[in-house]
Amino acid sequence: MKTLIIEDEHVMAQTLKGMIEVEAPDLEIVGILQSIEESVDWLLHNPMPDLLFMDIHLADGPSFSVFDEVTVTCPIIFTTAYDQYALRAFEVYSIDYLLKPIDQSDLQRALAKFRRISKESKFDKKSVSQLLEQMKEMAQSPIYKSCFLFPERDKLIPVNTQDIGYFYSENRRVKIFTFQNRTYFSDLTLDELMASLNPRQFFRVNRQFIISRNAIKDMTLWFGNKLSINLSIEIPERVVVSRAKVKEFKKWFER
């Protein structure tokens with residue numbers, strides 16, 4: 001059986017190739033492609049493989065753009081950094097996915113599923129078309145940061161977004177405060193940071209603060225129809241929501 005890998009990260013592609021060769025020596029890897037253009041050209045001028053490994057995001061765009069040019073009629077195993085819950089529906093169509101970094105046991109599971117599909121002839125073209133429509137819908141939704149890298153001396157420290165309690169701007173310097181009582185600095189402005197954050201999780205309450213929903217302990221009615229937000233972690237100054245933003249803030253919090 002022949003398989004094709006579409007993956008623009010060279011190290012990732014070679015790692016996946018090696019893992020496949022170990023787990024499925026009967027699968028012949030007929031090519032490793034890195035772009036939409038290269039993939040379209042290959043699929044148009046070569047026989048359809050028995051299996052396709054495809055990264056969802058390629059350097060020149062989302063990989064499902066390939067399907068605008070080529071009708072794919074083989075099972076697809078996607079490789080992706082997406083959270084598995086966002087992709088749970090992919091399982092409905094008997095098409096699997098691997099979360100990066102790829103685990104050997106996950107590859108075993110995906111290949112076993114592929115063999116079962118092939119053996120029982122359960123795969124059909126309608127499954128692919130349904131999946132691609134769903135992928136296009138997902139692509140229209142913005143992808144928000146799940147982790148930041150903050151400089152600290154001679155290192156870059158990874159900090160999960162869910163661990164951040166608030167962002168605070170002071171004297172044109174942005175500080176990041178975590179629930180673990182760690183403080184980091186960012187070269188980005190609050191506007192730039194807010195554009196990369198999930199607006200369901202974070203709210204820009206004023207010119208100095210972006211706060212996490214998880215950091216909010218309670219709220220105090222403030223003079224002038226304002227709100228004072230009390231957080232579960234220490235803050236350098238009172239967090240006040242202006243009267244103009246109170247309605248928007250309440251609506252956000254009650255979602």
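Any value given below was found using the heavy atoms of this structure, including those in side chains, with hydrogens, waters and symmetry copies removed.
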Backbone of Glu192 reached by a side-chain donor or acceptor of Thr189 within 3.5 Å: yes
Spell out, yes or no, whether Ile5 and Phe114 are grouped together once hydrophobic residues are joined by side-chain heavy atoms under 4.5 Å, including indirect joins. yes
Please give me the minimum heavy-atom distance between Arg243 and Lys226, naming the atom from each residue. N-CG, 3.9 Å
N/O donor-acceptor pair under 3.5 Å between Asp103 side chain and Ser105 backbone: yes
Any salt bridge between Arg115 and Asp26, counting N to O under 4.0 Å? yes
Do Phe179 and Val205 belong to the same hydrophobic cluster, where Ile, Leu, Val, Met, Phe, Trp and Tyr are linked whenever their side-chain heavy atoms lie under 4.5 Å apart, directly or via other members? yes
Under the 3.5 angstrom rule, does the side chain of Ser63 hit a backbone N or O of Asp55 as a donor-acceptor pair? yes
Below 4.5 Å, heavy atoms only, C-beta onward: do Phe53 and Thr3 meet side chain to side chain? yes
Which heavy atom in Asn214 sits nearest to a heavy atom in Gln201, and how many Å separate them? ND2-NE2, 3.1 Å
Starting from the C-alpha separation in whole Å, work towards a yes-or-no answer on side chain to side chain contact (heavy atoms under 4.5 Å, CB included) for Arg109 and Leu98. CA-CA 10 Å; Arg109 179 205 71 217; Leu98 301 172; 4.1 Å; yes
With the 4.5 Å side-chain cut-off for hydrophobic clustering, are Leu149 and Ile157 part of the same group? no
To the nearest 0.5 Å, tell me how far Ile20 CD1 sits from Ile77 CD1. 7.5 Å
I'd like to know if the side chain of Trp252 reaches the main chain of Pro199, judged simply by a donor and an acceptor atom lying under 3.5 Å from each other, with no hydrogens or angles considered. yes
For Phe150 and Ile176, what are the C-alpha separation, side-chain angles and deciding distance, and is it a side chain to side chain contact (heavy atoms under 4.5 Å, CB included)? CA-CA 9 Å; Phe150 296 123; Ile176 297 88; 3.7 Å; yes
Which heavy-atom pair separates Asp8 from Leu58 by the least distance, and what is that distance? OD2-C, 3.2 Å
Any donor-acceptor pair under 3.5 Å from Asn206 side chain to Val241 backbone: no
Hydrophobic clusters here meaning ILVMFWY residues chained together by side-chain heavy-atom distances under 4.5 Å, can you tell me if Val30 and Ile76 are in one? yes
Determine, stepwise, if the pair Met19 / Thr15 fulfils side chain to side chain contact (heavy atoms under 4.5 Å, CB included). CA-CA 6 Å; Met19 294 172 73; Thr15 299; 3.9 Å; yes
Contact between Phe249 and Leu227 at the side-chain level, heavy atoms closer than 4.5 Å - yes or no? yes
When rounded to the nearest 0.5 Å, the distance separating OG of Ser212 from CG of Leu231 is 9.0 Å
Considering only NZ, NE, NH1 and NH2 on the basic side and carboxylate oxygens on the acidic side, decide whether Glu254 and Lys250 come within less than 4.0 Å. no
N/O donor-acceptor pair under 3.5 Å between Arg213 side chain and Arg200 backbone: yes
Between Asp191 and Arg204, does a salt bridge (Lys or Arg N to Asp or Glu O under 4.0 Å) hold up when you go through it step by step? CA-CA 9 Å; Asp191 285 339; Arg204 176 78 179 270; 2.8 Å; yes
Could you give me the CA-CA distance, side-chain angles and deciding distance for Ser35 and Asp60, then say whether side chain to side chain contact (heavy atoms under 4.5 Å, CB included) is met? CA-CA 6 Å; Ser35 68; Asp60 56 345; 3.4 Å; yes
Distance in Å, Phe203 CZ paired with Ile216 CD1, rounded so as to fall on 0.5 Å steps: 9.0 Å
How would you list all residue pairs meeting side-chain hydrogen bond (donor to acceptor under 3.5 Å, both in side chains) that involve residues 231-241, not counting sequence neighbours? Tyr168-Glu237, Gln208-Glu237, Ser228-Arg238
CG of Leu16 to CG of Leu107: how many Å apart, nearest 0.5 Å? 6.5 Å
Do you know the tightest heavy-atom contact between Pro158 and Cys147? CB-SG, 4.0 Å
Looking at every non-hydrogen atom in both residues, tell me the closest pair between Met48 and Thr71 and how far apart they are. CE-O, 3.4 Å
I'd like to know whether CG of Leu221 has more than 12 heavy-atom contacts from other residues, nucleotides or ligands below 6.0 angstrom. no
Near-ring test Phe167/Phe209, centroid separation under 6.0 angstrom: no
Using atom types as modelled and distance alone, determine if a side-chain donor or acceptor of Glu38 lies under 3.5 Å from a backbone N or O of Gln34. yes
Using modelled atom types only, decide if a donor and an acceptor are shared between the side chain of Glu7 and the backbone of Glu9 within a distance under 3.5 Å. yes
Check: Lys217 main-chain N/O paired with Asn230 side-chain donor or acceptor under 3.5 Å: no
Which atoms form the tightest heavy-atom contact between Thr79 and Ile102, and what is the distance? CG2-CD1, 3.8 Å
Check: Glu21 and Leu27 side chains under 4.5 Å, non-hydrogen atoms: no
Would you call Pro236 and Tyr166 a side-chain contact if the rule is heavy atoms closer than 4.5 Å? yes
Straight-line distance of Asp163 CG to Phe148 CZ, nearest 0.5 Å: 12.0 Å
With a 4.5 Å cut-off on side-chain heavy-atom distances among I, L, V, M, F, W and Y, is there a chain of contacts connecting Tyr184 to Ile211? no
Checking Gln104 against Glu23: is there a side-chain donor and acceptor pair closer than 3.5 Å? yes
Would you say that Tyr144 contacts Ser196 through its side chain, given a criterion of any heavy-atom pair below 4.5 Å between the two side chains? no
Got Leu190 and Val174 here, is their nearest side-chain heavy-atom distance under 4.5 Å? yes
Given 3.5 Å as the limit, does a donor-acceptor pair link the side chain of Thr161 with the main chain of Ser146, or not? yes
Are Ile32 and Gln14 close enough that some pair of their side-chain heavy atoms sits under 4.5 Å apart? yes
State, with a plain yes or no, whether a side-chain heavy atom of Glu248 is found less than 4.5 Å away from one of Lys245. yes
How about CG on Asp187, more than 12 heavy atoms from neighbouring residues, nucleotides or ligands closer than 6.0 Å, or not? no
Rounded distance [0.5 Å steps], OG in Ser186 versus CZ in Arg173: 9.5 Å
